[in-house]
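Residue numbers start from 1 in every chain, and the chains themselves are labelled A, B, ... in the order their sequence lines are given, proteins ahead of strands.
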Amino acid sequence: MTFADNVFKVVAKIPRGKTLSYKKVAVLAGRPKAYRAVGNILNKNHDPKIPCHRVIRCNGQLGGFNRGAAQKKKLLKQEKTI
DNA sequence: CGTATGACGTGCA
DNA sequence: GTGCACGCCATAC
C-alpha cells in the first residue's frame, strides 16, 4: 500500500456531489503535507476510475485536471443534483 | 542515487 | 482582493 494507492482509494471513496481538496485527500491518505504529491500522482495516473474532478483546490477552485476534464465540471453539477 | 518537476498551500507585501 | 515567493512531498528520468 503506497501513498499513491491511498490517494486513489481516498479519491475513489469520494461520494457523488462531494468534493475534497488536495490537502484533505493527502490527510486522508496519511500524508497531510503531501498534497503536492497527490496532484502529481493523480496527474501521472489519470485513471478513469478515479474521479479526480472531485478533487479541487482548498480555494474551492478546480485543479489542473482541466487537461480534458473541463467537461467534468458539468459532471460535478450533475452529481450535485443528486 | 541525485536532480528536476508538478493537477498545491500558506505567508507576506 | 491580488500577486509574488517559499516550502513541502512523491514520482519520473
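Residue whose closest nucleotide on DNA chain B sits further toward the 5' end, between A:Cys58 and A:Val38: A:Val38. The residue among A:Ala4 and A:Tyr35 whose nearest nucleotide of DNA chain C is located toward the 5' end is A:Tyr35.
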> Passes side chain to side chain contact (heavy atoms under 4.5 Å, CB included), A:Arg54 versus A:Val11? Steps please.
Replying inline: CA-CA 8 Å; A:Arg54 282 182 201 156; A:Val11 177; 5.6 Å; no

>> Assess the residue pair A:Tyr35 and A:Val25 against the criterion (side chain to side chain contact (heavy atoms under 4.5 Å, CB included)); give the C-alpha distance rounded to whole Å, side-chain angles, the decisive distance to 0.1 Å, and a yes or no.
In response: CA-CA 7 Å; A:Tyr35 42 77; A:Val25 173; over 6 Å; no

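Distances were taken from every side-chain heavy atom of A:Cys52 (C-beta onward) to each of B:dA7, B:dT5, B:dT10; the shortest belongs to B:dA7.
Here the closest heavy-atom approach between residue A:Ala26 and residue A:Phe3 is recorded as O-CE1, 4.3 Å. Minimum interatomic distance between A:Arg57 and A:Gly63 (heavy atoms only, all atoms of both residues): CG-CA, 4.4 Å. A:Pro51 and A:Ala12 get closest at one heavy-atom pair: CD-CA, 4.1 Å.
Separating the CZ atom of A:Phe3 from the C1' atom of B:dA7 is a distance of 13 Å, rounded to the nearest angstrom. At whole-Å resolution of the value, CZ in A:Arg57 and P in B:dG9 are 6 Å apart. In this entry the distance linking NZ of A:Lys44 with C1' of B:dG6 reads 7 Å, nearest Å.
Note that CD1 of A:Ile41 is 11.5 Å distant from CD1 of A:Ile50, once rounded to the nearest 0.5 Å. A distance of 10.0 Å separates CG of A:Leu62 from NE2 of A:His53, quoted to the nearest 0.5 Å. A:Lys23 NZ to A:Lys33 NZ: the interatomic distance, rounded to the nearest 0.5 Å, is 9.5 Å.
Counting non-hydrogen atoms under 4.0 angstrom, A:Ala34 reaches the backbone sugars and phosphates but no base. Contacts of A:Leu42 with the nucleic acid, taken as non-hydrogen atoms under 4.0 Å apart, include base atoms.
Interface residues of residues 21-30 of chain A facing DNA chain B, ordered by number: A:Tyr22, A:Lys23; criterion, heavy-atom separation under 4.0 Å.
Linking ILVMFWY side-chain heavy atoms closer than 4.5 Å, directly or via other members, places A:Phe8 and A:Val27 in two distinct hydrophobic clusters.
Think of the region where chain A sits on DNA chain C: with heavy atoms and a 4.0 Å cut, that region ends 5' and 3' at C:dG7 to C:dA12.
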